[in-house]
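Notes to accompany the following structure.
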Amino acid sequence: MNKKYIGVFDSGIGGLTVVRNLIAQLPNENIVFLADTKNMPYGSRRRKQIVEFALNDVAILNRYDLKAILIACNTADSAARKILQKQSDIPVLGVIEAAARKACTVSRNKKIGVMATAATTRSKEYEIVIHSFDESVEVYSLACPELAVMIEKGKDGNDPEMNAILTEYTDILKLKGVDTIILGCTHYDVLKEKVEELLPETAVISSSACAIEDLNELLQKQDLLSDDPDPEKIYLVTADPQGFKKTASAILNNINIGMV
Ligand code: DGL
């Protein structure tokens with residue numbers, strides 16, 4: 001069978017939380033995943049550099065026979081989605097639109113908080129996309145610059161330092177009266193339970209989960225869904241395969257990791 005892959009990329013293990021959802025919902029798909037660990041974190045970079053990284057990530061993924069690209073990184077989505085869509089002849093999907101749409105349907109008081117990297121927050125992409133769905137929504141964006149790096153080092157919601165930082169962030173959003181929070185960085189998926197515990201009255205939406213529904217719909221529409229009984233999963237990193245494997249094991253077990 002001629003395998004066609006879904007290409008997925010992120011700066012690091014955040015993208016694996018997207019792959020985990022992808023495998024759960026579309027188990028027959030062939031996937032090639034790239035974590036640009038050499039250049040992680042994207043969130044503290046300038047836009048121009050994030051665009052360069054994203055273009056390079058897609059060039060690496062394009063060594064495989066792809067049928068769609070999923071930008072499993074809010075930061076790269078906010079900086080480079082339009083450019084990638086323009087230069088690609090296959091569908092390119094991000095995570096922001098799906099998370100924003102979900103938040104708009106879930107929020108009752110139309111006050112939505114967004115926790116994201118500094119670059120995503122600066123881009124105002126969540127505000128723009130949320131307002132394209134509903135202009136009356138108040139959006140409170142909060143840059144959480146240290147979280148992705150801590151998560152990449154293997155820390156989760158049980159870590160005391162993480163707990164203290166998250167408590168500060170969630171207190172700020174609580175004061176704003178938001179009833180819905182978007183975890184607008186795919187790394188933060190590992191913090192979902194902790195944020196829900198800290199804000200029991202608030203709906204917590206992970207950007208890692210939302211995009212798969214859109215991808216499914218797109219593949220169905222274009223008749224691209226795979227029924228491969230033995231789909232292939234390829235995991236690539238640009239640096240530190242051992243370290244990545246260790247942290248990744250909290251998200252996906254027994255994966256082989258290659259270097260590019
Ligand atoms: N996981 C990425 C995101 O969704 C970015 C983490 C980083 O490299 O700063 O924004």
Side-chain angles (χ1 to χ4, degrees), residues 7-22 33-58 69-81 84 92-100 102-103 113-129 141-156 162 165 169 181-192 195 204-212 214-215 235-240 243-244 247-248 250-252:
V8 185
F9 74 92
D10 178 38
S11 61
I13 63 157
L16 279 187
T17 66
V18 178
V19 171
R20 177 171 60 185
N21 281 294
L22 175 49
F33 170 72
L34 172 66
D36 186 12
T37 40
K38 190 168 102 193
N39 296 309
M40 198 276 158
Y42 282 9
S44 60
R45 316 277 188 167
R46 313 300 310 173
R47 180 174 182 271
K48 192 167 171 278
Q49 203 169 19
I50 299 164
V51 171
E52 276 167 27
F53 294 152
L55 287 168
N56 191 47
D57 294 337
V58 168
I69 294 168
L70 181 54
I71 309 170
C73 172
N74 291 261
T75 310
D77 181 345
S78 70
R81 182 184 66 256
L84 296 177
V92 178
L93 252 87
V95 281
I96 292 178
E97 189 180 319
K102 179 79 186 270
V114 182
M115 295 170 68
T117 65
T120 301
T121 307
R122 217 170 37 234
S123 76
K124 300 246 181 285
E125 193 63 20
Y126 265 106
E127 282 85 341
I128 294 165
V129 178
S141 288
L142 195 61
C144 310
E146 62 286 84
L147 296 186
V149 176
M150 290 173 74
I151 294 163
E152 195 73 19
K153 287 186 180 147
K155 297 194 172 179
D156 61 16
M162 182 70 90
I165 296 173
Y169 286 148
I181 287 182
I182 298 173
L183 301 179
C185 168
T186 52
H187 278 73
Y188 304 172
D189 189 68
V190 305
L191 305 175
K192 188 165 185 276
V195 176
V204 182
I205 290 166
S206 166
S207 59
S208 303
C210 299
I212 309 303
D214 283 12
L215 178 69
Y235 299 93
L236 304 169
V237 292
T238 53
D240 190 20
F244 187 80
T247 320
I251 298 164
L252 282 177

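Below, all heavy atoms of this structure are taken into account, side chains as well, without hydrogens, waters or symmetry copies. Nothing fancy with the numbering, it's 1 onward along the sequence. Note that ligands are numbered from 1 as they come in the structure, with each ligand's atoms numbered from 1 the same way.
Within the 4.5 Å cutoff, the side chain of I212 has heavy atoms near those of the V18 side chain.
Residues passing the ring-ring contact (aromatic ring centres under 6.0 Å, His included) test with Y42, sequence neighbours excluded: F53. Under the rule for a salt bridge (Lys or Arg N to Asp or Glu O under 4.0 Å), the partners of R20 that lie at least two apart in sequence or sit in another chain are D189. Residues forming a salt bridge (Lys or Arg N to Asp or Glu O under 4.0 Å) with K155 (at least two apart in sequence, or on another chain): E161.
When heavy-atom distances to ligand 1 are checked against 4.0 Å, the residues falling inside are D10, S11, M40, P41, Y42, G43, C73, N74, T75, T117, A148, C185, T186, H187, ordered by chain and number.
Of the residues T17, N74, D77, the one that meets the side chain to side chain donor-acceptor pair (under 3.5 Å) test with S207 is N74.
E97 has no carboxylate O lying under 4.0 Å from a charged side-chain N of R81, or vice versa, which leaves the two without a salt bridge.
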